[in-house]
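All of these numbers come straight from a predicted model, not from anything done at the bench. So that the names make sense, note that chain A is the first sequence line, chain B the second, and so on, each numbered from 1.
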2 protein chains.
Amino acid sequence: MTTIYLAEDQEMLNSALSALLDLEDDLQVIGTATDGETALKQIIDLKPNIAILDIEMPKLTGLEIAKQLRIIKQDIKIIILTTFAQASYFEQAVSSRVNAYLLKDSPTDDLIETIQNVLEGKTIFAPELVTNIISSEKNPLTKREIDILKEINLGLSSQEIAQKVFLSDGTVRNYISSIFSKTGTHSRIEALNIARKNKWI
Amino acid sequence: MTTIYLAEDQEMLNSALSALLDLEDDLQVIGTATDGETALKQIIDLKPNIAILDIEMPKLTGLEIAKQLRIIKQDIKIIILTTFAQASYFEQAVSSRVNAYLLKDSPTDDLIETIQNVLEGKTIFAPELVTNIISSEKNPLTKREIDILKEINLGLSSQEIAQKVFLSDGTVRNYISSIFSKTGTHSRIEALNIARKNKWI
DNA sequence: GGCATATTATGACATTTGTCATTAATAATC
DNA sequence: GATTATTAATGACAAATGTCATAATATGCC
């Protein structure tokens, strides 16, 4: 009997998947969570054979959970299940030696098949990934620039940002200018659009 | 035997739910789709007792499907299943005499219970709706203003917008000024944030 | 030790943005 | 028929934004 832990923040999908997986007579879902923190604690506690992890969850992402589990060298197969074919996510998954990376854009049969394959020691990456991958540039912005871009995102003016982060108005404007040249843009909104597309903010 | 049609664009949830519903011995899923257009056609064709519809789908939203089905007076129970507790969605659902409105933030048991209740003629609205509803103001912007706001969203400058929509630069700036006063803001990014929150763009 | 990068700052400048008053032609509504 | 809302425009002005040159300090790296 293979034990499974499922972390997925959308309750409907969470309960539907756990019910379905439980129906397979060689699989048993021994726990589920809708946030990352609970998931990590319980996975360490319950020691399932397999963890199926969503990426975007409250408190802790699935990728961070995977990283932690590899650090403490827990013997577990990890399947990442996500909406996003984002290159940066994919790279993080590879570097955490995840056993499979599957898109929610696939049917449940694929998930069950993936579970079987992973159990046999195979590493599975969804074929759609190769074609649909959204290759985001690696972030060229410094910490300060990212901070300022986040304030821009809230709609603050240069002076408001200056006050909030304790810088001079001129300095803030210089940083913004630098953000523009690094993103190849000339306005706040363009820069925000690029940063959002690449998940820099 | 109750026949069900399921329209949900996320394949994983789509297949998980149809498998689960099919397990109930008084329910039968007679078709599913991942886009609204196909869904509407097949619902008219297959005449299921119940349609479970996601709102945000390609080509046609679940709410538009509901509206169409009411116009042609097809005898069908409609359950809207969505992530969003958006007041505007809710109102549209009510005006299309939808039989239930359920959040994906609920477990599958709730969905099955809702199906039973709807069959008995009850109208069900998720209790979380009442507490979590995101009350978006009704859109005070004119068509022209919305058009211009969409261009702003792309990061265009006043002049670029002027060229694109064949207006003078000054006129564009006047419209933007008007958008600000209607949204109670003083900058493009603030206005965009408000418009996004309220789903005006 | 030296080089590159990040952080912070100032001053100056052109351009853009946002505001306001004012005008005018169409619809749409009462 | 009068009133209101929408669309469109101009001119003028203050404020904000974006660009550039220049410079100082701090930190990490070869």
- Nearest heavy atoms of A/Asp9 and A/Thr34, plus distance in Å: CB-O, 3.2 Å
- Closest non-hydrogen contact found for B/Ala16 with A/Thr108 is CB-CG2, 3.6 Å
- Note on the structure: Axis-to-axis angle across the helix from C/dG1-D/dC30 to C/dC30-D/dG1, five pairs each end, nearest 10 degrees, ~ 50°
So does [Y] get a backbone contact from the side chain of [X], meaning a donor-acceptor N/O pair under 3.5 Å?
X        : Y        : result
A/Asn139 : A/Ile146 : no
B/Glu120 : B/Asn117 : no
A/Thr185 : A/Glu190 : no

- Indicate, with a heavy-atom threshold strictly under 4.0 Å, whether B/Thr142 touches base, sugar-phosphate, or nothing. sugar-phosphate
- Message: Given A/Ser158, which partner from the list A/Gln163, A/Arg173, A/Glu151, A/Arg188 fulfils the side chain to side chain donor-acceptor pair (under 3.5 Å) test?
- Response: A/Arg188
- A/Asp75 atom CG, over 12 foreign heavy atoms within 6.0 Å: no
- Message: I'd like to know if A/Glu8 pairs up with A/Lys104 as an ion pair, taking the criterion as any Lys NZ or Arg NE/NH1/NH2 lying under 4.0 Å from an Asp or Glu carboxylate oxygen.
- Response: yes
- Query: For nucleotides 16-21 of chain D, read 5' to 3', which letter fits each nucleotide if B means a protein heavy atom sits under 4.0 Å from the base, S means only the sugar-phosphate is that close, and - means neither?
  - Reply: SBBBB-
- Should B/Ile44 and B/Ile72 be marked as a side-chain contact (heavy atoms from CB on, under 4.5 Å) after you check the CA-CA gap, both sets of side-chain angles, and the distance that decides it? CA-CA 9 Å; B/Ile44 292 171; B/Ile72 63 169; 3.9 Å; yes
- Message: What range of DNA chain C does chain A touch, first nucleotide to last, counting atoms under 4.0 Å from its heavy atoms?
- Response: C/dA6 to C/dA12
- Within the 6.0 Å centroid threshold, strictly below: A/Tyr101 and A/Tyr89: no
